[in-house]
Amino acid sequence: MTFGFASSPAASLSTSTASASRVLEPAEWAAAGIPLLRNPREVVSGLHARHHPRPSTAVVAVLDPDERLCASASFTRRAALADGWMFRNALLSQLRRVIPHDLRRRTPVRTAVLLYCREGDARWTEEDGAWMWGLRDACTLHGLRCGAYITLTHDGWQVLGEGRGGRRPHAHSAPEPFATADAPPPVPRTGGPVSEVLRRAAAR
């Protein structure tokens, strides 16, 4: 996966100073001390299977300290411009809908991550920078740690600022079924003629 810079017609920003300041460059994001995901592939696959994102879909998720999913929500980007303030408001609205804030804690315990499915390649765009700004600000206002920003394109997925990624899932791949490891084992049936035969055989 490549990591670089690209301009996107769909991600053009307003030329105003206010809008330009609501974008985080990759260097700023890398210097912000964003916590690394222990298993990004598992997080991405889980969110993809749960929300089936398509281009222009954002998935915000809250993870506990053990990277277990606490809550998640997906929505379609409707803003005409890639503006961090608008993205912050959209993310904050979703967070408030699915999970209580942690503003009473001195130190954030839970972490919010953002998966954004879009067209184009995996290189950073100004739209990505606006989402990064929005995620960081929304986390501050909801009492969460700001976690990874992940793009999902036709090339695959990539954790921006870390250089980690993979080819599947990608923006147009079919969702994989949920892992069955966490599913409770089926309850054995009792009673009936088969059970009676087995009971008699065991008693011999």
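All values reported here derive from a predicted model rather than from experimental measurement.
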- line: In terms of heavy-atom contacts, P53 and L47 come closest through CD-O, 4.4 Å
message: With side chain to side chain contact (heavy atoms under 4.5 Å, CB included) as the criterion, how do F87 and R77 come out once you've worked through the C-alpha distance, each side chain's angles and the decisive distance to 0.1 Å?
response: CA-CA 8 Å; F87 291 168; R77 174 189 184 276; 3.2 Å; yes
task: Quick one: pull up CD in E126 and CG in L24 and give me the separation to the nearest 0.5 Å.
output: 12.5 Å
- prompt: Is it the case that D128 and T125 place a side-chain donor and acceptor less than 3.5 Å from each other?
  reply: yes
statement: Heavy atoms of E162 and P35 approach each other most closely as OE2-O, 4.3 Å
query: Do the side chains of P65 and V109 get nearer than 4.5 Å, heavy atoms only?
result: yes
field: Point-to-point distance, once rounded to the nearest 0.5 Å, from CZ of R88 to CZ of R22
entry: 8.5 Å
message: Between H51 and T57, do the side chains contain a donor N or O and an acceptor N or O under 3.5 Å apart?
response: no
Side chain to side chain, W124 and T151, heavy atoms closer than 4.5 Å: no
Flag side-chain contact, heavy atom, 4.5 Å: R136 against L114: no
task: State plainly whether one hydrophobic cluster holds both F75 and V98, where clusters connect Ile, Leu, Val, Met, Phe, Trp and Tyr through side-chain heavy atoms under 4.5 angstrom apart.
output: yes
field: Side chains of M132 and P26 in contact at under 4.5 Å (non-hydrogen atoms)
entry: no
query: Do you know which two heavy atoms are closest between E28 and E25, and how far apart they sit?
result: OE1-N, 2.8 Å
message: Is there a side-chain contact between V62 and L144 in this structure, where contact means two heavy atoms from C-beta onward sitting under 4.5 Å apart?
response: yes
- request: Could you walk me through whether R118 and T153 pass the side chain to side chain contact (heavy atoms under 4.5 Å, CB included) test, one step at a time?
  value: CA-CA 6 Å; R118 62 169 172 78; T153 67; 3.8 Å; yes
- line: Separation between NE2 (H142) and CG (D137), nearest 0.5 Å, reads 13.5 Å
query: If you round to the nearest 0.5 Å, how far is CD of Q94 from OG of S72?
result: 10.5 Å
message: How close do G143 and L103 get, counting heavy atoms only, and between which atoms?
response: N-CD2, 3.4 Å
- request: Ignoring hydrogens and angles, tell me if any N or O in the side chain of R164 forms a donor-acceptor pair with the backbone of L37 under 3.5 Å.
  value: yes
field: Geometric class of the W29/Y149 ring pair [parallel <30°, tilted 30-60°, perpendicular >60°]
entry: perpendicular
- prompt: L63 and C70: side chain to side chain contact (heavy atoms under 4.5 Å, CB included), yes or no, with the steps?
  reply: CA-CA 5 Å; L63 308 177; C70 298; 5.9 Å; no
Distance (rounded to the nearest 0.5 Å) between L141 CG and H101 NE2: 11.5 Å
task: Find out whether R105 and D102 are in side-chain contact, i.e. whether some heavy atom of one side chain is under 4.5 Å from a heavy atom of the other.
output: yes
Polar side-chain atom of D66 near backbone of R68 as donor-acceptor pair, under 3.5 Å: no
query: With a 4.5 Å limit on heavy-atom distance, are the side chains of L91 and L135 in contact?
result: yes
SB check D155 R167 (cutoff 4.0 Å): no
message: When you measure from the side chain of S93 to the backbone of N89, do you find a donor-acceptor pair of N or O atoms at a distance under 3.5 Å?
response: no
field: Separation of S56 OG from R78 CZ (nearest 0.5 Å)
entry: 10.5 Å
field: R110 and R145, any side-chain heavy atoms less than 4.5 Å apart
entry: no
field: Sidechain-backbone polar pair: Q158 side chain, A122 backbone, donor-acceptor under 3.5 Å
entry: yes
- prompt: Between H172 and H154, what is the shortest heavy-atom contact and its length?
  reply: CD2-CB, 4.3 Å
message: Against W157, only a single residue in C117, P169, S173 fulfils side chain to side chain contact (heavy atoms under 4.5 Å, CB included); can you say which?
response: P169
message: Show the nearest heavy-atom pair for residues L92 and A138, with the distance to one decimal.
response: CD1-O, 3.7 Å
